[in-house]
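Since the structure comes first, as structure tokens, the remarks are kept for the end.
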Amino acid sequence: MTIIDRTAPVLVTGGSGYVASWIVRYLLEDGFTVRATVRDPRKANGLEHLHALSAEHPGRLSLSRAELLEPGSYTEAMAGCELVIHTASPFLLGKVKDPQKQLVDPALDGTRNVLASVGETASVKRVVLTSSVVAICGDNIDMRGKDFFTEDDWNTTSSLGHQPYPYSKTVAEREAWRIAEAQDRWDLVTIHPGLVLGPSLTTASKSGTFRTMGSFTDYSLAAGAPALEMGVVDVRDVARAHIAAGFTPEAHGRYITNAETMSMLDIGRALRARFGYRPSFPLTQAPKPVIKLAAPIAGMTRRFIELNVGYPLRFDNSRTVKELGITFRPGAESVTDHFQQMIDDGIVKG
Ligand code: NAP
């Protein structure tokens, strides 16, 4: 049982990110005081939505500079906080030049640094860490012999050379549990979203979400989509799950925060049902050998295609529904709300 003082400030790391921005917004709307860390609080672009939230909720949102790779960087902003929500971590898809430097170091050393600050900050009672379903399952083929993945499962198949982003999330989460279990002053709760979709409060995020949605506008799926199933979840439900995980005294362990599984074709169908025919929405699935041949052009490896395309993927989200009280929006709603936002932001034509 961990009871968080609702008048104490809540620290959100990576506060300008796609997911974190919704966490910050909901915390403010719920009446909390929020400290958001960003890499550069003075930058001209990418923080407009946080400045607007700050103006709407005077005196309750402050921005501090913090960098995952700098030891001690989060300590000052954490002072007096009882709840720390650690979302900051790069989410890069496609070909990553230096996965150790671009993904693993910020995820793993960043988690170490944030938790070292937690260790030095006597007020902190709970840390909510944004992990992912990719720390549970590396490749869809790993589901062989199971009906679905649960919180008991760990990704044991990703590496620096194969699925580096899932690898970065897995090693960072394992390290977080190791550090949490070595002490008993604060507890750790981890949130495991599938691919997060839905309206964005910022157009500046580099999140892999936008790359995936971009494939429904750039014609790369026009000749046929890979038979690739993905966990999907709405950004607003993910934000709510983080807050519920922070303030539910009995919350503990890992929570799969995923609405359902959709294939690329399912996403295309949902988009067509709402926005009508567009040549960039896939109408069919392309044969696996064709996808495999073309994979490198799309920034994917043939091994990724081999181990993921054509295999079903299922997650059991019942802990999150029962213990955190989350009712997940259907994936089709998140997909279409996301696309509508792209139209509203002028990223695609209406
Ligand atoms: P995002 O918009 O790119 O947010 C990532 C945040 O991390 C940004 O605020 C970024 O700061 C910060 N960050 C990256 N490197 C940093 C560094 N070296 N020092 C300090 N801050 C750094 O991506 P997102 O999709 O919201 O992801 C947020 C979290 O959710 C991540 O932990 C991600 O792994 C997890 N997640 C995302 C999804 C998804 O589908 N989007 C699914 C499952 C889990 P800047 O703004 O300064 O770059």
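Atom set for the values below is all heavy atoms of this structure, side chains included, hydrogens, waters and symmetry mates excluded. In each ligand, atom 1 is the first atom listed, and ligand 1 is the first ligand listed. If you read the sequence from its start, that first residue is 1, and numbering goes on from there.
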Ligand 1 N/O within reach of [X] N/O, cut-off under 3.5 Å:
X    : value
V196 : yes
Y74  : no
G15  : no
G14  : yes

* From R25, R240, R60, residue fulfilling salt bridge (Lys or Arg N to Asp or Glu O under 4.0 Å) relative to D30 ->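 The single option meeting the salt bridge (Lys or Arg N to Asp or Glu O under 4.0 Å) with D30 is R240.
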
Please state which protein non-hydrogen atom is closest to [atom] and give its distance, to 0.1 Å?
atom                    : value
atom 5 (C) of ligand 1  : S89 O, 3.5 Å
atom 19 (N) of ligand 1 : L68 N, 2.9 Å
atom 18 (N) of ligand 1 : E67 OE2, 2.9 Å
atom 3 (O) of ligand 1  : S207 N, 3.6 Å

* Sub-4.0 Å atoms of ligand 1 with respect to non-hydrogen atoms of S205 ->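 Near S205, the atoms of ligand 1 are 1 (P), 2 (O), 3 (O).
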
* Asked: Parallel, tilted or perpendicular for W22 and Y26, by the 30°/60° rule?
  ->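 W22 vs Y26 ring planes: tilted.
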
* Ring geometry between H338 and F210 (parallel below 30°, tilted from 30 to 60°, perpendicular above 60°) ->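 Rings of F210 and H338: tilted, as their planes differ by 30° to 60°.
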
With a 4.0 Å cut-off on heavy atoms, is [X] in contact with ligand 1?
X    : answer
L69  : no
S131 : yes
G110 : no

* Does a donor on one side chain sit under 3.5 Å from an acceptor on the other, for T130 and H242? ->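 On atom types as modelled, these side chains qualify, holding a pair under 3.5 Å.
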
* To which of R65, E70, R39 does the heavy atom nearest atom 16 (C) of ligand 1 belong? ->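 Comparing heavy atoms across R65, E70, R39, the nearest one to atom 16 (C) of ligand 1 lies in R39.
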
* **Contact check, side chains of V348 and F216, non-hydrogen atoms, under 4.5 Å** =>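 No, every pair of side-chain atoms sits at 4.5 Å or beyond.
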
* When you look at D337 and Q341, which way does the side-chain hydrogen bond (donor to acceptor under 3.5 Å, both in side chains) test go after all the steps? -> CA-CA 6 Å; D337 283 1; Q341 171 90 64; over 6 Å; no

* **Cluster companions of V290 among Ile, Leu, Val, Met, Phe, Trp, Tyr (side-chain spacing under 4.5 Å)** =>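 ILVMFWY cluster around V290 holds nothing else.
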
